[in-house]
Participant: 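Would you mind keeping the following structure in view while I ask a few things?
Keep in mind the model is a prediction, meaning the values are calculated, not measured.
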Amino acid sequence: MKTALRILGGLFALLLVLVVGLLVGARFADGPIAIVAGGPFTSGTRVEGPEPDWSFVHDIREVEFQLLEPARSRTTWILDHDGKAYIPSGYMTTWWGKLWKHWPYEAEKDPRILLRIGDSIYERQLVRVTEGPAVEPLLAEASRKYLDGQPIPLEAVTSGYLWLFEVAPRS
């Protein structure tokens, strides 16, 4: 019995070291590692010029973005509506969202981001959207793209559970 407990304890310790190693090591990576926040982008080509028609992200499920302060990157969903791009952040009123989702609050302090789609990097800023004509179409798009058509009530946004950010040109 003692041998089994030692083996189990050793396996748990090994797993803990591996998880902590992944979390720390990811901070030095060129971008996020799946759902683990990563370091600043070190690769990609900056895209300059006029504002693109963001409808090209319609069928792209995930993109990466990096906050400038703090300089961390993450993988996220992306939505489009009327030629503009939006990044959603859910679970904002839940205990696990409060524990896990720090980037939306950080983006409110410093909204500048680098958005990486494939090898292209766009300098933008995040502007929170809490109301207006884009909200319901964005909920419908999120439902289509990520929830197999399961409707998302408007209350998700008005209650603060779901935050929506427009990926806007930097001012």
Side-chain angles (χ1 to χ4, degrees), residues 5 8-42 44 57 60-81 85-117 121-132 134-136 138-168 170:
L5 287 176
L8 190 58
L11 289 174
F12 178 75
L14 178 63
L15 179 63
L16 184 62
V17 167
L18 289 173
V19 169
V20 169
L22 173 66
L23 294 174
V24 171
R27 300 299 172 134
F28 300 99
D30 173 22
I33 301 170
I35 64 168
V36 179
F41 297 149
T42 58
V57 302
I60 296 174
R61 292 187 58 81
E62 295 177 338
V63 296
E64 298 173 337
F65 77 93
Q66 172 199 319
L67 294 172
L68 298 189
E69 188 58 43
R72 283 196 302 267
S73 57
R74 60 218 6 100
T75 302
T76 188
W77 291 352
I78 191 160
L79 306 169
D80 72 292
H81 174 65
Y86 298 84
I87 293 176
S89 180
Y91 307 109
M92 296 300 294
T93 57
T94 64
W95 68 267
W96 65 88
K98 291 175 184 176
L99 180 68
W100 177 34
K101 301 271 188 146
H102 296 267
W103 74 261
Y105 301 104
E106 294 165 347
E108 285 193 313
K109 291 177 186 169
D110 184 352
R112 297 170 302 152
I113 66 164
L114 299 175
L115 177 67
R116 184 162 65 181
I117 302 173
I121 295 181
Y122 302 86
E123 292 185 15
R124 294 295 183 270
Q125 67 180 355
L126 294 178
V127 177
R128 187 165 175 207
V129 177
T130 58
E131 58 185 16
V135 172
E136 289 195 45
L138 287 170
L139 295 176
E141 177 59 10
S143 170
R144 176 202 70 83
K145 196 169 186 178
Y146 302 107
L147 301 176
D148 294 324
Q150 180 181 356
I152 302 170
L154 182 61
E155 182 182 312
V157 175
T158 60
S159 70
Y161 175 84
L162 175 66
W163 288 21
L164 298 169
F165 290 93
E166 179 184 345
V167 178
R170 286 199 191 156

Participant: Does any part of the side chain of Ile121, heavy atoms only, come nearer than 4.5 Å to the side chain of Leu115, both counted from C-beta?
Facilitator: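 Result no, sub-4.5 Å side-chain heavy-atom pair not found.
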
Participant: Please answer whether the main-chain N or O of Ile113 pairs with a side-chain N or O of Arg170 as donor and acceptor at a distance below 3.5 Å.
Facilitator: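 The answer is yes, because a donor-acceptor pair under 3.5 Å joins these two groups.
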
Participant: More than 12 foreign heavy atoms under 6.0 Å from OH of Tyr146: is that the case here?
Facilitator: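 For Tyr146, atom OH is crowded (more than 12 foreign heavy atoms under 6.0 Å).
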
Participant: Between Ser73 (side chain) and Pro40 (backbone), is there a donor-acceptor pair under 3.5 Å?
Facilitator: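 Side chain of Ser73 to backbone of Pro40, a donor-acceptor pair under 3.5 Å: no, none is there.
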
Participant: Are the side chain of Ser143 and the backbone N or O of Gln150 linked by a donor-acceptor pair below 3.5 Å?
Facilitator: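 The answer is yes, because a donor-acceptor pair under 3.5 Å joins these two groups.
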
Participant: Are Arg128 and Leu164 side-chain neighbours, meaning at least one heavy-atom pair lies under 4.5 Å?
Facilitator: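 When only atoms from C-beta onward are counted, Leu164 and Arg128 do not touch, as no gap falls below 4.5 Å.
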
Participant: Could you tell me if the side chain of Arg116 sits less than 4.5 Å from the side chain of Phe65, heavy atoms only?
Facilitator: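 Side chain of Phe65 against side chain of Arg116, heavy atoms only: no contact under 4.5 Å found.
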
Participant: Can you tell me if Lys145 uses its side chain to pair, donor with acceptor, with the backbone of Ile60 under 3.5 Å?
Facilitator: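 Indeed, once roles are kept as given, a pair shorter than 3.5 Å links the two residues.
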
Participant: Any salt bridge between Glu106 and Lys109, counting N to O under 4.0 Å?
Facilitator: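 Salt bridge between Glu106 and Lys109, a charged N being under 4.0 Å from a carboxylate O: no.
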
Participant: Within the 4.5 Å heavy-atom criterion, are Phe165 and Thr76 side-chain neighbours or not?
Facilitator: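 No, too far: nothing below the 4.5 Å cut-off.
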
Participant: Is the shortest side-chain heavy-atom distance between Leu67 and Arg72 below 4.5 Å?
Facilitator: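 Leu67 does not reach Arg72 side chain to side chain.
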
Participant: Below 4.5 Å, heavy atoms only, C-beta onward: do Phe41 and Pro32 meet side chain to side chain?
Facilitator: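 When only atoms from C-beta onward are counted, Pro32 and Phe41 do touch, with a gap below 4.5 Å.
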
Participant: Is there side-chain contact between Glu166 and Tyr86, with at least one heavy-atom pair below 4.5 Å?
Facilitator: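 Of all side-chain heavy-atom pairs linking Tyr86 with Glu166, at least one is under 4.5 Å.
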
